[in-house]
Amino acid sequence: MKHKLFAAILISLAVATVALAAEPVTPKLTDKLSRLLQQEMRSIQAAMGTIHTAMVTGEHEAVARNAQQIHDSFILKQSMTEQDRKDLMAAVPNGFIKLDKEFHKLAAELAEAGKMKNTEKQSQLYSEMSRACIACHGEYVSDRFPGLNSTL
Ligand code: HEC
């Protein structure tokens with residue numbers, strides 16, 4: 001009996017943690033960070049569209065170039081002052097930074113697959129990158145994208 005109660009408490013704690021993790025980061029961003037992120041997101045979106053066309057038409061060099069551009073756009077490294085960096089770290093949880101890093105690492109791998117003219121690998125990485133968009137938006141941007149639930 002005690003065990004069951006204990007298990008129930010554990011489960012409710014776990015559920016509470018998941019709910020906390022799904023809290024959107026957007027309201028915590030400074031205006032400047034929000035603007036920078038939105039700019040970065042729009043250029044990523046444009047590059048993903050270009051990559052898709054290039055990938056399905058065998059334009060490997062364009063796949064490589066655009067994927068490299070996504071990789072280099074890493075918001076943590078670019079056009080951010082020391083203060084912006086501090087603001088970002090204060091606004092977002094570690095999981096967000098981790099997802100962002102993983103996403104940019106996938107972009108680097110996609111650039112490599114472009115250089116290797118490996119269409120199969122490009123397609124696989126493209127899907128993985130799309131999953132990363134959904135995972136981050138579902139977990140950290142649920143206020144703006146309520147259509148994505150955070151159970152992914
Ligand atoms: C690590 C987290 C993360 C990843 C990965 C990510 N995004 Fe986003 N995205 C955000 C955040 C945060 C916002 C909301 C920014 C705001 O409104 O302040 C956003 C907003 C956007 C927007 C709206 C931009 C606007 O004009 O307001 C688009 C489009 C977008 N993302 C596309 C993508 C695409 C495409 C991918 C994957 C190829 C992607 N994102 C991957 C975090 C992420």
Side-chain angles (χ1 to χ4, degrees), residues 13-152:
L13 275 179
V15 170
T17 311
V18 169
L20 271 181
E23 201 183 322
V25 298
T26 27
K28 299 188 190 124
L29 298 170
T30 60
D31 287 349
K32 184 180 174 198
L33 276 178
S34 185
R35 206 171 56 241
L36 281 177
L37 249 176
Q38 287 180 8
Q39 257 172 28
E40 171 172 332
M41 286 296 147
R42 282 194 292 266
S43 69
I44 287 175
Q45 185 190 29
M48 286 295 279
T50 307
I51 289 169
H52 190 261
T53 307
M55 176 175 74
V56 302
T57 55
E59 299 287 340
H60 302 289
E61 196 272 326
V63 171
R65 186 161 22 87
N66 283 276
Q68 190 62 43
Q69 242 169 45
I70 292 181
H71 174 263
D72 296 345
S73 77
F74 203 173
I75 184 170
L76 296 183
K77 285 186 183 159
Q78 259 200 1
S79 66
M80 272 175 54
T81 63
E82 196 50 43
Q83 188 57 47
D84 294 332
R85 200 179 307 275
K86 284 191 189 137
D87 292 342
L88 182 72
M89 292 308 175
V92 303
N94 287 339
F96 182 93
I97 303 287
K98 194 162 163 269
L99 258 177
D100 197 36
K101 282 194 177 141
E102 273 167 23
F103 173 71
H104 283 86
K105 183 165 163 277
L106 285 172
E109 287 174 33
L110 180 57
E112 198 51 38
K115 282 185 205 138
M116 304 305 279
K117 304 191 185 343
N118 185 339
T119 300
E120 177 79 28
K121 188 87 191 155
Q122 288 165 27
S123 161
Q124 185 199 325
L125 287 162
Y126 192 89
S127 306
E128 282 183 42
M129 285 172 79
S130 303
R131 278 201 292 275
C133 320
I134 295 167
C136 189
H137 293 166
E139 186 144 8
Y140 300 110
V141 204
S142 54
D143 54 339
R144 287 199 55 196
F145 306 129
L148 296 172
N149 68 41
S150 53
T151 53
L152 288 161

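Atoms considered below: every heavy atom in the structure, side chains included; atoms not considered: hydrogens, waters and symmetry mates.
Remark: Leu29 CG to Gln38 CD distance equals 9.0 Å, nearest 0.5 Å. The CE atom of Met89 sits 11.5 Å away from the CG atom of Asp84 when rounded to the nearest 0.5 Å. Taking CD of Glu23 as the start and CG of Asp143 as the end, the distance is 10.0 Å to the nearest 0.5 Å. Expressed to the nearest 0.5 Å, how far NZ of Lys115 lies from CG of Leu110 amounts to 10.5 Å. Atom CD of Glu40 is separated from atom CG of Leu33 by 11.0 Å, given to the nearest 0.5 angstrom. Here the straight-line distance linking atom OG1 of Thr50 with atom CD of Gln45 works out to 10.5 Å at 0.5 Å rounding.
Within the 4.5 Å cutoff, the side chain of Leu99 has heavy atoms near those of the Glu102 side chain. Using a 4.5 Å heavy-atom cutoff, the side chains of Ser142 and Leu148 are not in contact. The closest side-chain heavy-atom distance from Thr30 to Leu88 is not below 4.5 Å.
The two atoms that bring Ala64 and Ala111 nearest to each other are CB-O, 3.5 Å, heavy atoms only. Nearest heavy-atom pair, Ala67 versus Ile51, reported as atom, atom and distance to 0.1 Å: N-CD1, 3.7 Å. Across all non-hydrogen atoms, the minimal contact from Ala113 to Leu125 is CB-CD1, 4.2 Å. Nearest heavy atom pair, residue Pro24 against residue Lys28, reads O-NZ, 4.1 Å. Considering every non-hydrogen atom in both Met48 and Tyr126, the closest pair reads O-OH, 2.9 Å.
Using a 4.0 Å cut-off between charged side-chain N and carboxylate O, Glu109 and Lys121 make no salt bridge. A salt bridge is defined here as a Lys NZ or Arg NE, NH1 or NH2 lying under 4.0 Å from an Asp or Glu carboxylate O, and Lys86 with Glu82 fails to meet this definition.
Phe96 pairs by the ring-ring contact (aromatic ring centres under 6.0 Å, His included) definition with Tyr140, not counting sequence neighbours.
Remark: the Ser34 side chain and the Asp31 side chain contain no N/O donor-acceptor pair separated by less than 3.5 Å.
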Counting only pairs under 3.5 Å, give me each side-chain donor-acceptor contact of residues 52-60, with atom names and distances, residues two or more places apart or in other chains.
from, atom 1, to, atom 2, distance (Å)
Thr53, OG1, Gly49, O, 3.3
Thr57, OG1, Thr53, O, 2.7
Thr57, OG1, Ala54, O, 3.3
His60, ND1, Gln122, NE2, 3.0

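Within the 3.5 Å criterion, the main-chain N or O of Val63 finds no donor-acceptor partner in the side chain of Asn66.
Heavy atoms from other residues, nucleotides or ligands lying under 6.0 Å from NZ of Lys32 number more than 12.
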